[in-house]
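Chain identifiers are assigned alphabetically (A, B, ...) following the order of the sequence lines, protein sequences preceding nucleic acid strands; residue numbering begins at 1 within each chain.
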2 protein chains.
Amino acid sequence: MDLKKLIRDIPDFPVEGVVFKDITTLIKDAEGFNEALQQFYDFAGDKGVTKVAGIESRGFIFGGALAAKLGVGFVPVRKKGKLPAETWSETYELEYGTDTIEIHKDAFEPGDKVLVHDDLLATGGTMKAACKLIEKSGAEIVQISVLINLTSLNGSDRLSGYDIKSVIEY
Amino acid sequence: MDLKKLIRDIPDFPVEGVVFKDITTLIKDAEGFNEALQQFYDFAGDKGVTKVAGIESRGFIFGGALAAKLGVGFVPVRKKGKLPAETWSETYELEYGTDTIEIHKDAFEPGDKVLVHDDLLATGGTMKAACKLIEKSGAEIVQISVLINLTSLNGSDRLSGYDIKSVIEY
């Protein structure tokens with residue numbers, strides 16, 4: 001099954017000149033959704049994952065499903081102000097301006113082996129910030145998995161040293 | 001297993017006087033996460049679900065996991081402006097002001113049997129709006145499932161006629 005065919009290109013979203021990769025056409029397709037999830041599961045293989053972290057909010061969809069399939073817990077990495085208990089924050093650069101993401105301080109424990117999931121890897125800024133937050137807890141990141149890797153934006157370079165897996169590459 | 005024990009009360013979040021039910025302590029717990037998911041799966045039983053809809057953003061976590069477990073596709077119900085293709089919108093009243101949610105016009109087809117999931121049912125405003133959007137597509141809602149039903153807020157009254165299931169009630 002060619003999963004790439006289930007991704008829809010949306011020109012000029014969210015801003016003019018950007019071609020947005022719409023994953024909703026893949027995830028609403030039972031076969032496509034299940035096959036991508038199976039690939040994530042196979043990637044995780046013998047990594048000994050103890051928790052899956054998913055990045056708000058599209059990263060929650062496969063992230064939650066993957067945690068369930070692996071039989072482990074799920075931790076949301078959220079935008080600033082959304083998590084109700086004590087958090088650690090990390091601010092990172094965007095093309096214009098900055099953004100901040102957070103995790104609960106008690107989300108992970110030393111010894112946790114974490115798989116970090118998001119739908120898309122572009123420049124890697126958000127993913128790098130998520131990894132920093134998770135490692136602050138003393139947990140170890142054993143894999144980063146994304147549905148789509150926009151390889152021309154070199155997100156992988158920023159995340160060297162990590163085991164990065166993707167289902168679809170452009 | 002008493003799943004209620006895994007829910008954390010956060011006083012005065014997001015505003016003073018509100019006691020927020022924090023589900024992150026349940027979903028990071030492998031056993032708790034899996035048991036709640038199993039209950040959602042059992043609720044869905046013989047309903048013939050063809051798609052799961054999850055409401056942004058906490059509804060994506062169990063929503064994605066449940067779609068995978070049921071072997072069906074997943075559709076996100078999102079806040080205004082987040083979905084890239086053509087959408088239907090529904091605006092609903094909050095205690096102060098209004099909010100708007102959207103779905104892609106091509107997310108569902110007539111004949112789809114939809115399970116709508118969110119983490120929490122309070123007054124039911126968001127859920128009611130989500131149901132309206134989904135029914136606009138000609139799809140049928142066969143179940144509403146939530147992790148937590150705050151029964152004192154009478155959300156179920158607003159959703160009469162629907163099959164509403166919850167794992168935890170307060």
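Atom NE2 of residue B/His117 and atom CZ of residue B/Phe74 lie 8.5 Å apart, to the nearest 0.5 angstrom.
Looking at B/Leu70, neither its backbone nor its side chain comes within 4.5 Å of chain A, counting heavy atoms on both sides. Neither the backbone nor the side chain of A/Leu66 comes within less than 4.5 Å of any heavy atom of chain B. The contact between B/Pro84 and chain A is made by backbone and side chain atoms together, counting heavy-atom distances below 4.5 Å. With a 4.5 Å cut-off on non-hydrogen atoms, A/Ile10 touches chain B through its side chain but not through its backbone. For B/Lys51, the part lying under 4.5 angstrom from a heavy atom of chain A is the side chain only. For chain A, the nearby parts of B/Phe60 are the backbone and the side chain; heavy atoms of each come within less than 4.5 Å. Neither the backbone nor the side chain of A/Ala53 has a heavy atom closer than 4.5 Å to any heavy atom of chain B.
Counting heavy-atom pairs closer than 4.5 Å to chain A, the top-ranked of the candidates B/Ala65, B/Gly54, B/Gly59 is B/Ala65. When B/Ala85, B/Gly63, B/Gly73 are compared by the number of non-hydrogen pairs under 4.5 Å with chain A, B/Gly73 comes out ahead. Your options are A/Phe13, A/Phe62, A/Phe33, and the one with the most heavy-atom pairs under 4.5 Å with chain B is A/Phe13. Counting heavy-atom pairs under 4.5 Å between each of B/Thr50, B/Asp106, B/Leu37 and chain A puts B/Asp106 at the top.
For the pair B/Lys4 and B/Tyr170, the distance from NZ or CZ to the six-membered ring centre is under 6.0 Å and the angle to the ring normal is within 45 degrees.
The pair B/Asp118-B/Arg58 fails the salt-bridge criterion, with no side-chain N (NZ, NE, NH1 or NH2) lying under 4.0 Å from an Asp/Glu carboxylate O. Classification of A/Glu102 and A/Lys79 as a salt-bridged pair fails, no side-chain N sitting under 4.0 Å from a carboxylate O.
Of all heavy-atom pairs between A/Phe40 and A/Ser145, the closest is CD2-OG, 3.6 Å. Closest of all the heavy-atom pairs between A/Val49 and A/Ala44 is CG2-CB, 4.4 Å.
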### Query
Step by step, would you call A/Lys80 with A/Asp99 a salt bridge (charged side-chain N to carboxylate O under 4.0 Å, His left out)?
CA-CA 8 Å; A/Lys80 192 177 167 63; A/Asp99 211 345; over 6 Å; no
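In this structure, a donor-acceptor pair under 3.5 Å is present between the side chains of A/Ser57 and B/Arg78.
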